[in-house]
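Notes follow the structure.
Order of the sequence lines fixes the chain letters, A, B, ..., with proteins taken first and strands second; residue numbering starts at 1 for each chain.
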Amino acid sequence: MREFEGSALKINNLLYLFQQLLNILQIGSIYAMIALGYTMVYGVLLLINFAHGDLFMIGAFITFLSATYLNFGFIPSLILSMTATALLGVTIERTAYKPLRNAPKVSVIITALGVGVFLENLTLAISPYPKHVPQLIENTIYNIKGLTLSLVQIIIITFSVVLMIGLDFLVRKTKLGMAIRAISWDMQAVPLMGIPLNKIISITFAIGAGLGGAAGVFYAAAYPVIDPYMGIMVGWKAFIAAVVGGIGNIRGAMLGGYALGAIEVAVMVFLPTTYRDLISFLLLFILLIFRPYGIFGKPRNVKI
Amino acid sequence: MKKYILFLIILTLIITGCSKTKEDVIKIGVIAELTGDVPAFGASCKNSVLMAAKEINDTGGLEVSGKKYKIQLFIEDNAARPEQSASVAQKLITQDNVVAILGPNASGGAIPASEIAESSKIPFITPISTNPKTTIDPRSGLPKKFAFRVCYLDPFQGQVLATFALNNLKAKRAAVLFDVTSEVLKGQAEYFKKSFEAQGGTIAAFETYSTGDRDFSTQFTKIKNAAPDIIFLPSYYGEVPLQIQQAKRLGITVPFLGSDAWGSHDLLKLCGPDCEGYYFCSHYASDSTAPLTVDFVNKYKKMYGVVPDDVAALTYDGFQILINAVKKSGKINPQAIRDAISNTKDYKGITGNITYTKDSGDPIKGAVIIQIKNGDFKWFSDEATSRGSAP
C-alpha cells in the first residue's frame, strides 16, 4: 500500500513537471518570437531597435481591433496583424532610422527609444484603458492522462515553431537570406555586389516586426487584457533572450526565448514572483561574464 | 506707453476679477485614477464628484454662515501611481489652494497623498482606500489627524471573507493568489490568511505575482497541485478575468472568492460567464431597495447611463460628509472642516451609516457580500458592522 502511494505521488510530480514544461513552452515561444525581431535588426544594422517591444503591443492592439470590430477569428487576425506591423516596421525604418544611418550610434538608440515612447503614447492617446480582446481561440481543454492541455497552448506553440522554422529556412537557404547574412557580414561591400541594400534592410525590418506582431496576436489570445504599456517589460525580456542567445544570431534568439521562459517558471515554482526578474537578470550578468557574446554569438570587430 | 498702461489696466482687472471670484467659491481638490491600472475607479470617482458638485451649484451654491458659495473642483489624475499622487496632492494644496482633498481611491496612491495632506494640515478623505496605513502615521503609529476614509478596512474585510468562505462556502482548504507588489492587495491576502487560519482553515497555497504580469499559469499549476476547495483572488477587476480564464484553461474548477477590488461593472463586461456564481466582499449593493440608494442610482444612471459602482457611491458619501462638515463648521477653513468631519455622527450614506470617533479617521461601518448572478452584481448578505481598525 505504501509503495502504491509512493508511485502515485511520483506520477503526480511527473505530471506537475510536464504541466510546468508546457507553461515554459507557451511563454518561451512568445519571448522567442519577439527576440527574433531584435536579433534580425541588430544583425543587419547593429542597431538595438528599442521600439520593437512596442511593435509587439501594436500587434496585440490590431488584433483587438480586428476581433472586436471586424469579428475576425485567429488566423485572419494573425495575417492582418503581421502585415500591419511589418508595414509599420518598414515605415519606422524608412522615416526614423534610415536618415540616421551615418549618424553616431547614440543618436540612433535615442531615436529608437523615442519611437517606442511615441508608439506607447499614441496608443495611450487613442485609448488609455486596458482593452479586453474577444476570445480568438475556442476554450477547449484536452485531458491526456491527467495532463491538461488547452487549444490556446497548442496553437501558440505550434504556430511559433512553424514560423521560426520558416524563418530559419529563409535565412539559411534562400537568396534573400543570403543577402541578409551578407549585410550582416559587411554592409559596405554588399552594395558593390549588386545587392539592393535598402530593400534588404527594409525586408529584414518587415520580417522582424511581423514576427513581433504575430507574438502580439498570440499574447492577446492567451492573455486577453492588453494595455499600451504591455510591450515594455515583455520587450526588455525578449531583448535579454536575444542577448543571451547571442544577439544577431537567429537560432540563439529562439534558444534564448525558451531559456528565459524556463528560468522564469523555475524561479516562480520555488520563490515569490518578486525574485523572478531579479534572478533572470542576475543569470544574464553571470552568463555574459563567461560568454560575452551570448551562447551562439561570435566576436566581431566593430569599426567605429 | 499707452499700450502698456492699457495692458496694466487689463491685468489689474483680471487679477482683481480673479480674487473676487476666489471669495465666492469653495475649492475642493479631487485626485482620481483617470489613467493607469484602474481607470474605471478614476472615472467613477470623477463622475460622482461632478454630479454631487453640480447638485449643489444648481441650487445656487452652498450656504455657509449666511453666504452662498459655489463649489469649484480641481480634478487631477494620479495615473494610479504613488509618486504622482504625492505630487498632485502637493500641487492642489500649494498652487490651487484647495481646502480639502477627495481621493485617491486605490491605497497605493492614497497613502502618499494622505501624508502630504497631513503635513499641510488639509482635510483628506479617500473613498475606497482600505489599507490601514492611509489613516495611520507610519512614524508614530498613531492615527493621522487630517486623513479620513469612507470605506471599511482590510483587516475587517479579510475577516468577513474568511468567515464567509468557511461557513457559507464550507471551504476547508483555501489557496490565495495575490499581487505581492501592491501594498493593498498584499494586505488583503495576508489578513484573509490570518483570519482563515485562526478559524481553523488551512491555506493550501499562497502564491504571488507582480503588477503588470499577464501569465499566471505557473502559479495556477502550483495551486491546482495543492488541491484547494476555494481560491481567494484579491485582484483588481481588470486582472480577475485574465486569471480566472487561465485557471480554467488549466482545468481548475473550484470557485473563486474576491475582495472589493472586484467591484466595478467592467468586471462583468470583461469576465462574462467565467465569473458567474462567484462571491466578493463589497461596500454597497447597487440593487439595494433603500430609498437613498435607489435615488442615487437613478440620478447617476440618468446622468451617465451606467450603474454606479462602489467607488462612485463612496465618493458621493465622502463628498457629502465634507459638505456637511463645511456647513456645520460655518467656516471655510481647513482646520475647522477637519474638526467637523471628525465629529460626524451617524451620517446616513449610500454605503451605510458612518460615524467617526475622535481619535480615528476610520468609520464604523459594515460590508456586504455580492454574488455575480446572471451577469450582474446581486446583493447576497450584509456582514457585521465593525470598527474596522487594525486588530
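For the residue pair B:K248 and A:S150, no side-chain donor N or O sits within less than 3.5 Å of a side-chain acceptor on the partner. Side-chain contact check for B:T221 and A:N23: at least one donor-acceptor pair (N or O, by modelled atom type) lies under 3.5 Å.
Both the backbone and the side chain of A:M268 come within contact range of chain B, each with at least one heavy atom under 4.5 Å from a heavy atom of that chain. Heavy atoms closer than 4.5 Å to chain A are found in the side chain of B:Q245, but not in its backbone. For A:T148, the part lying under 4.5 angstrom from a heavy atom of chain B is the side chain only. Of the atoms belonging to A:V152, it is side-chain heavy atoms, and not backbone ones, that fall under 4.5 Å from chain B. No part of A:Y229 comes within reach of chain B, as not one of its non-hydrogen atoms sits under 4.5 angstrom from that chain. Only the side chain of B:T35 comes within less than 4.5 Å of a heavy atom of chain A; its backbone N, CA, C and O stay farther away. Contact annotation for B:Q219: only side-chain heavy atoms (C-beta onward) come within less than 4.5 Å of a heavy atom of chain A. Neither the backbone nor the side chain of B:D266 has a heavy atom closer than 4.5 Å to any heavy atom of chain A. In this structure, the portion of B:N225 lying under 4.5 Å from any heavy atom of chain A is its side chain and not its backbone.
Atom CD of B:E83 has more than 12 heavy atoms from other residues, nucleotides or ligands within 6.0 Å. Within a 6.0 Å radius of CZ in B:F74, more than 12 heavy atoms belonging to other residues, nucleotides or ligands are found. Annotation for A:K131: atom NZ counts as buried by contact number, over 12 foreign heavy atoms lying within 6.0 Å. Within a 6.0 Å radius of CZ in A:F18, other residues, nucleotides and ligands contribute 12 heavy atoms or fewer. For A:Y275, the OH atom is loosely surrounded, since the number of other residues' heavy atoms within 6.0 Å does not exceed 12.
Of all heavy-atom pairs between B:R249 and A:A221, the closest is NH2-O, 3.9 Å. B:T208 and A:P272 make their closest contact through OG1-CA, 3.6 Å (heavy atoms, listed as atom of the first residue, atom of the second, distance).
Proximity of A:E264 to B:T218: side-chain heavy atoms (C-beta onward) are nowhere separated by under 4.5 Å.
Rounding to the nearest 0.5 Å places NZ of B:K224 at 5.5 Å from CD of A:Q19. Atoms OG and CG, on B:S217 and A:L22 in that order, are 9.5 Å from each other to the nearest 0.5 Å. To the nearest 0.5 Å, atoms OG (B:S210) and CZ (A:R276) are separated by 5.0 Å. One finds the CD atom of A:Q153 at 6.5 Å from the CG atom of B:L250 (value rounded to the nearest 0.5 Å).
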For this session: List the steps, then state whether side chain to side chain contact (heavy atoms under 4.5 Å, CB included) holds for B:V180 with A:T273.
Result: CA-CA 8 Å; B:V180 71; A:T273 41; 3.9 Å; yes
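Checked by atom type and distance alone, the side chain of B:R214 pairs as donor or acceptor with a backbone atom of A:V225 at under 3.5 Å. No donor-acceptor pair closer than 3.5 Å links the side chain of B:Q246 to the backbone N or O of A:Y223.
With respect to chain A, the highest number of heavy-atom pairs below 4.5 Å among B:D213, B:L242, B:L270, B:L34 belongs to B:L270.
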